[in-house]
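Notes to accompany the following structure.
Just so it is clear, the model here is predicted, and its values are computed rather than measured.
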Amino acid sequence: MTTLTNSSSSLPVNWPKDVEYLTEYRYHPSISSDLLDVIQGKRQLKAQSISANVEKSVNSSNKSQDKKQNSDSVTGSSTVIDRVMQDEQLPKRTELELEYDEIPIGRLLTVPTLPNGHDSPLYEIRLITSPPTHPVLNSYGLFACTTLRPGALLLDYIAEVLPDNVTDPESDYTLHLLDCLNLDACKAGNQGRFVNDFRQIRTQEQGPNVAWDLYRCETSGQVRMGCKILKRIEKDEELLCTYGKLFWKSRGIPVKGEEWEDGWDTESDIEDASD
């Protein structure tokens, strides 16, 4: 995990002085090692290594079998698999690991960084000065620096990873990660904490132009929260997600419409479904 001192030369433009800038997740020390192994992809990497060993052992076993034994290859292979799994002493997969398996594999857009090493040529934090009806006027938002096409993962929501029992229920910067874990960027995070809710900026029919989605890093297997681009976003357009109806209800603000409208789906997903 990397943190940066809050000096102007080491932070993104318009970064707040009272918030620590993170470039990786900071895991709370109370999180169990077993849970960490799952969400950081360590169990998955070990399982992949074991799977490779199993395949190697099965192939070796089959080569040493005569024709009669090869005719019963299913039983033979099963015996080899059971032996290798037992030798490796890998515990039976838990419900959490099965849930992990359902998370799609993905990767962020690969782009160069700007000279200070932390700004992106794709997006930047900006002070909101118009329109006068903007719900967080004179505060900050995240804006596109170029045209962004739907379907890609733009950036991660980097934050402190906290169990339920230490997560502040009053925080405006919390996203659920997995199991009992949440991401809270109230005191420390990255540019993702500046993505505002779409309401009063775009219509309910238009909906958000980005969404926060879980994915597994294709190289490390780590569970991450990525900002998926839903619609084509033009240069200088604000990135807007939905905080969810529960977020607003808990703050005494009623919102209309469904939790998720069909028309909000990623444009590329809609095109694929119509093929």
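- For Phe198, the ring pair (Phe, Tyr, Trp, His ring centres under 6.0 Å) partners are Trp264, not counting sequence neighbours.
- A search for ring pair (Phe, Tyr, Trp, His ring centres under 6.0 Å) contacts involving Tyr140 returns nothing, not counting sequence neighbours.
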Next item on the list: List the steps and the verdict of side-chain contact (heavy atoms from CB on, under 4.5 Å) for Ile103 and Leu178.
Entry: CA-CA 10 Å; Ile103 300 173; Leu178 194 68; 4.1 Å; yes
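- Ion pairing of Glu234 with Arg232 is present here, as a side-chain N (NZ or NE/NH1/NH2) and a carboxylate O approach within less than 4.0 Å.
- Within the 4.5 Å cutoff, the side chain of Ile125 has no heavy atoms near those of the Val13 side chain.
- Linking Ile, Leu, Val, Met, Phe, Trp and Tyr whenever their side-chain heavy atoms come within less than 4.5 Å puts Leu175 and Tyr27 in one cluster.
- With sequence neighbours left out, the side chain to side chain donor-acceptor pair (under 3.5 Å) criterion links Thr146 to no other residue.
- With a 6.0 Å radius and a threshold of 12 heavy atoms from other residues, nucleotides or ligands, Glu218 has its CD atom above the threshold.
- No side-chain N or O of Arg107 forms a donor-acceptor pair with one of Thr219 less than 3.5 Å apart.
- When hydrophobic residues (I, L, V, M, F, W, Y) are linked wherever their side-chain heavy atoms come within less than 4.5 Å, the members clustered with Leu162 are Val166.
- For the pairing with Gln191, the side-chain hydrogen bond (donor to acceptor under 3.5 Å, both in side chains) check across Tyr157, Tyr21, Tyr123 returns one residue only, Tyr21.
- Centroid-to-centroid, the aromatic rings of Trp15 and Phe194 come within less than 6.0 Å.
- No more than 12 heavy-atom neighbours from other residues, nucleotides or ligands sit within 6.0 angstrom of NZ on Lys187.
- Distance alone, capped at 3.5 Å, places no donor-acceptor pair between the Glu124 side chain and the Cys145 backbone.
- Remark: Glu261 engages Gln204 in a side chain to side chain donor-acceptor pair (under 3.5 Å) (not counting sequence neighbours).
- Qualifying side-chain contact (heavy atoms from CB on, under 4.5 Å) partners for Thr174, counting only residues two or more places apart in sequence or in other chains: Thr167, Ser171, Asn182, Asp184.
- Using a 4.0 Å cut-off between charged nitrogen and carboxylate oxygen, Lys245 and Glu259 do not count as a salt-bridge pair.
- Classification of Arg202 and Glu238 as a salt-bridged pair fails, no side-chain N sitting under 4.0 Å from a carboxylate O.
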Check: Given the rule in the side-chain contact (heavy atoms from CB on, under 4.5 Å) test, do Glu99 and Thr94 qualify, once you have shown the distances and angles that lead to the verdict?
Finding: CA-CA 9 Å; Glu99 183 180 351; Thr94 64; over 6 Å; no
